[in-house]
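Just so we're on the same page: letters track the sequence lines, and every chain starts at 1. FYI, side chains are in, hydrogens and waters are out, and symmetry mates aren't considered; it's all heavy atoms of this structure. The structure presented is a predicted model; accordingly, all values stated were derived computationally and were not measured.
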Protein chains: 4
Amino acid sequence: MAPKPIAVEQERASKRRNQVLEAAARCFRLYGFHGSSMAQLAKEAGMSVGHIYHYFENKEAIIDAIVQKDLDEWLASIQHLLNSSNIFEDMLAQLDDPIRDWLDPDYAALQIEILAEAARNAKVVAIVRASHDKIRDTVGELLRKGSSRPLTQTEIDSKFDLIGALCDGLMVRAIHSGTLDRDNLLALLRPTIRFILEY
Amino acid sequence: MAPKPIAVEQERASKRRNQVLEAAARCFRLYGFHGSSMAQLAKEAGMSVGHIYHYFENKEAIIDAIVQKDLDEWLASIQHLLNSSNIFEDMLAQLDDPIRDWLDPDYAALQIEILAEAARNAKVVAIVRASHDKIRDTVGELLRKGSSRPLTQTEIDSKFDLIGALCDGLMVRAIHSGTLDRDNLLALLRPTIRFILEY
Amino acid sequence: MAPKPIAVEQERASKRRNQVLEAAARCFRLYGFHGSSMAQLAKEAGMSVGHIYHYFENKEAIIDAIVQKDLDEWLASIQHLLNSSNIFEDMLAQLDDPIRDWLDPDYAALQIEILAEAARNAKVVAIVRASHDKIRDTVGELLRKGSSRPLTQTEIDSKFDLIGALCDGLMVRAIHSGTLDRDNLLALLRPTIRFILEY
Amino acid sequence: MAPKPIAVEQERASKRRNQVLEAAARCFRLYGFHGSSMAQLAKEAGMSVGHIYHYFENKEAIIDAIVQKDLDEWLASIQHLLNSSNIFEDMLAQLDDPIRDWLDPDYAALQIEILAEAARNAKVVAIVRASHDKIRDTVGELLRKGSSRPLTQTEIDSKFDLIGALCDGLMVRAIHSGTLDRDNLLALLRPTIRFILEY
DNA sequence: TATGAATGAGATTTCATTCAT
DNA sequence: CATGAATGAAATCTCATTCAT
């Protein structure tokens, strides 16, 4: 019989790849990169161990793909602010959703896992830094556009890093605090970020 | 031969235990909990693999002890502020040293490793939370003492969490940013913390 | 559509089979029987993995076919000497070409691979021995025809085995000597073979 | 309790290493380097799989050691001829034992396995060539000493290679001939080698 | 005829832990 | 107190073979 059209094949392959990535994300969240075995990934993905290797060269490649995907989504989520006419107010107004993510232990667990891997794995740290640089550029532009006065590059950098540190830090505390009171936190977070933005 | 006095024996044992913990800390910083083998720990500690099991029940116990030790040192490092007469000013003045730690990639790597483990390991998260609660109490008292007006518990909590998030977040960024400009950062960090303290 | 004539079909099939065998020979030379995967063979043959199984029952069958083919070619290459009127002189005069083969590392590698397989694989050793017996018969006849005096069967056998050993041995040395000086070797090889022939 | 004397430990370790090598030689003879699994080696050596890795870095290291050991024994077996006063006659007289080895299918199988590996494995070919060069030097000296007339280096080389080819070739034929008549073969081999030696 | 997705067994290697000495 | 030989389970990865299309 004739082989199927290429487009159909590719779509199918891409679906399978995603199937693996989603299974991997679940496993990695629960057990970490090195705590998740290929056998677990395979079971979770509903696929044989060997077949995963049709889509990914090795386990490392799955980790890389997960990290890349996660950062891409992050980057995409701030792009729309570039078109805002009142950037700072929009940022502050839309703080709720990201905060929900950062304080979600599942989400936080994967972020921390990525960080821990980045601390020792050259390939992963390269991926993280490349994305981070893009985010820095994007947010830098947001800060410049939204500011009421001209900012030097070092001012932009320190504002970016401090706001970033607040976000990352909340994520960290989502893990080691028993429970955080989100509303209570937001009540102080908002004025603090405004303070930094307008400093 | 006459048996040695018990006190001497115990001191010796305690020394050996620390020898292991210090070796473990070095390994864990470099390779992570799961990337460090017992053989590596033994080599680094100048001791046989089997002998480590005289001092620690298993690898897990070493991890627990490292985590506990790290948090104890953290806690100890803020105790002296309780006796200060001008708490906020002292805190801000003494920000340099901790910042140096947080931005040190080696130090940061171990903290992240602990966090990642805490995200999945019930015993470790219990240790971290117990210490965290003590720190929360101590810092809470500092905030109460140092504040110019009476604070509600929720106010104290949010201030603590936000300042804590800033610290933790800087550590995170020490890993995924290439290099951070410490002085530039401090120039904005100090007023931001002051803002939170005095809010 | 009308089915194609059977002969055409068969010729096509035979072509495809050879395509696989030639690809296999290339792979086996480079990586050995067990170092070549079916995926490699398929790629080299410009054919899908699954399709190879239309022409060969399994990998073993490909190995068998390669071995058979190689020996058949060997056998064919000495047939024409049977018609020679001056057998020994023709043999000695035509020594150059086979020597070139035996000293060619690529050629030698496949022969050794076949031998190594024969040492452990009953089917392969059977194929090799069957061919070997035919070669023994053919060369035996050459020796009888070319000899100036009547030879006993044991004399023929030992002459055959010793000349054969010289050829096989040169091949072996092509692998483990860095480089052999072919001309230098021929200068002594020719009189030695003549010595054996005329003994 | 006090640790044992180092010498005793080392002897024990060396014994264990040999235990592995002997088991490996048996397996490799029967199933080849790549046909023998670490599990088989372990079983044959009466040792757990993991423990083999205390003595050898990996499977490759075992192969290398086997190859080296085999060649060392070969080299040792010809050293005593250097002290002979009638080298050629001694060589011819002592031909029986080596011939027995070369025609032993078990012995031959391992040699062929080594060759096949050498044809593709850079490390193994280096080991083989290094030993081969030593053998060439030793035999070269034997040829020079035993010869009745002065020999050029190229003459020595071709004599060495041709005699070597005869030996290697007999080994090859031990595998692919059903059975060889050793006495019959020797009756022709001896004069042939004498012919080469005295050419 | 032709594809390549899919499987699952098996290979090498690592490592926490135990135990005889 | 001290060693490191020894185990065995589990991890990653490869590959011959099958099968739906």
Novice: How long is the line joining CD1 of Ile62(C) and P of dA16(F), in whole Å?
Specialist: 9 Å

Novice: At their closest point, which heavy atom of Gln40(C) faces which heavy atom of Ser36(C), and how far apart are they?
Specialist: OE1-CA, 3.4 Å

Novice: I'd like to check Ile62(C) versus Leu41(C) (side-chain heavy atoms, cut-off strictly below 4.5 Å). Are they in contact?
Specialist: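 Sidechains of Leu41(C) and Ile62(C): in contact.
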
Novice: Taking only N and O in the side chain of Tyr55(D), is any of them less than 4.0 Å away from OP1 or OP2 of dA5(F)?
Specialist: no

Novice: Do Asp70(D) and Gln111(D) have side-chain heavy atoms sitting under 4.5 Å apart?
Specialist: yes

Novice: Strictly under 4.0 angstrom, non-hydrogen atoms only: write out the protein contact profile of nucleotides 8-15 of chain E, one letter per nucleotide from the 5' end, B, S or -.
Specialist: B--SSBBB

Novice: Distance check, rounded to the nearest 0.5 Å: Asn121(D) atom CG versus Ile127(D) atom CD1?
Specialist: 8.0 Å

Novice: Indicate whether OP1 or OP2 belonging to dA2(E) is found under 4.0 Å from a side-chain N or O atom of Arg12(C).
Specialist: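 For dA2(E), OP1 or OP2 has a side-chain N or O of Arg12(C) closer than 4.0 Å.
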
Novice: What integer distance in Å separates Lys15(D):NZ from dA6(F):P?
Specialist: 12 Å

Novice: How many Å lie between CD1 on Ile52(B) and C1' on dG4(F), as a whole number?
Specialist: 12 Å

Novice: Considering non-hydrogen atoms only, spot the tightest contact between Phe33(B) and Glu113(B) and give its length.
Specialist: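 Here Phe33(B) and Glu113(B) meet closest at N-OE2, 3.0 Å.
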
Novice: Name the orientation class of the two ring planes belonging to Tyr55(D) and His51(D) (parallel below 30°, tilted from 30 to 60°, perpendicular beyond 60°).
Specialist: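 Tyr55(D) vs His51(D) ring planes: perpendicular.
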
Novice: Tell me every residue that passes side-chain contact (heavy atoms from CB on, under 4.5 Å) with Asn18(D), counting only those two or more places apart in sequence or in another chain.
Specialist: Ser14(D), Leu21(D), Glu22(D), Lys69(D)

Novice: Whether Tyr31(C) contacts dC15(F) is assessed here as follows: a side-chain N or O lying under 4.0 Å from the phosphate OP1 or OP2. Is that the case?
Specialist: no

Novice: Locate the shortest heavy-atom distance separating Ser48(C) from Ala42(C); write the atom from each residue and the value.
Specialist: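 Result for this residue pair: C-CB, 3.9 Å.
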
Novice: Write out the stems for DNA chain F, ordered by first number and formatted as range with range, counting runs of at least 3 consecutive Watson-Crick or G-U wobble pairs under 3.5 Å.
Specialist: E:2-21 with F:2-21

